[in-house]
Amino acid sequence: MSRNLATSLGAAVLAAAALLAAGTAAAQYTGPGARATLTSVQAVLDKPVDDQPVRLQGRLVRQLSSDKFLFSDGQADIRVEIKPRLLAAQPVSETTRVEIAGEVDRHRRQGAEIEVDALRVLN
């Protein structure tokens with residue numbers, strides 16, 4: 001097998017694996033006992049439940065540390081934790097509209113925050 005063909009096949013396999021991973025990451029159980037996905041920051045703040053799924057649209061208005069940001073949906077703000085690999089694919093600023101998906105992470109002293117599993121740029 002030529003070196004170029006091997007490189008092309010390797011790239012194709014990686015691309016296919018990424019697509020499969022993205023598809024399975026979006027899957028969510030919706031049967032009996034499933035938790036509703038929260039869609040507003042205020043709903044999270046009103047009754048934070050550990051591991052509650054969330055899907056929010058808004059902006060990252062400020063970076064607080066290397067992986068912590070202040071997220072706003074236009075009505076309320078909440079701290080979010082975003083792994084650097086989720087931001088590496090595209091530039092995101094305080095004016096960029098994004099959709100984040102993840103879970104609520106409750107802290108006794110710091111209150112609730114969102115642990116982000118997926119980030120998608122909307123504009």
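With hydrogens and angles ignored, the 3.5 Å screen pairs no side-chain donor or acceptor of D67 with any backbone N or O of E81. With hydrogens and angles ignored, the 3.5 Å screen pairs a side-chain donor or acceptor of R59 with a backbone N or O of T95.
Looking at heavy atoms from C-beta onward, V104 lies out of side-chain contact with D51 at the 4.5 angstrom threshold. When side chains are defined from C-beta on, E99 counts as touching R55, because their heavy atoms get closer than 4.5 Å. The closest side-chain heavy-atom distance from R120 to L122 is below 4.5 Å. Using a 4.5 Å cut-off on side-chain heavy atoms (C-beta onward), F69 and V61 make no contact. With a 4.5 Å cut-off on side-chain heavy atoms, S40 and D73 count as touching.
Residue L70 is tested with D77, I78, V80 for a side chain to side chain contact (heavy atoms under 4.5 Å, CB included); the sole match is D77.
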Acceptor/donor pairs from residues 109-119 side chains to any protein atom, 3.5 angstrom cut, sequence neighbours excluded:
| residue | atom | partner | partner atom | Å |
| --- | --- | --- | --- | --- |
| E113 | OE1 | K68 | NZ | 3.1 |
| E113 | OE1 | R79 | NE | 3.1 |
| E113 | OE2 | K68 | NZ | 2.8 |

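To the nearest 0.5 Å, the span separating CD on Q63 from OG on S93 amounts to 12.0 Å.
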- Item | Worked check of side-chain contact (heavy atoms from CB on, under 4.5 Å) between L60 and I82 | CA-CA 10 Å; L60 300 173; I82 303 174; 3.8 Å; yes
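Annotation for Q90 and V121: closest pair CG-CG2, 3.2 Å, computed over non-hydrogen atoms.
Annotation: R97, atom CZ; neighbour count of heavy atoms from other residues, nucleotides and ligands within 6.0 Å is above 12.
Each of L64 and F71 belongs to its own hydrophobic cluster when Ile, Leu, Val, Met, Phe, Trp and Tyr are linked at side-chain heavy-atom distances under 4.5 angstrom.
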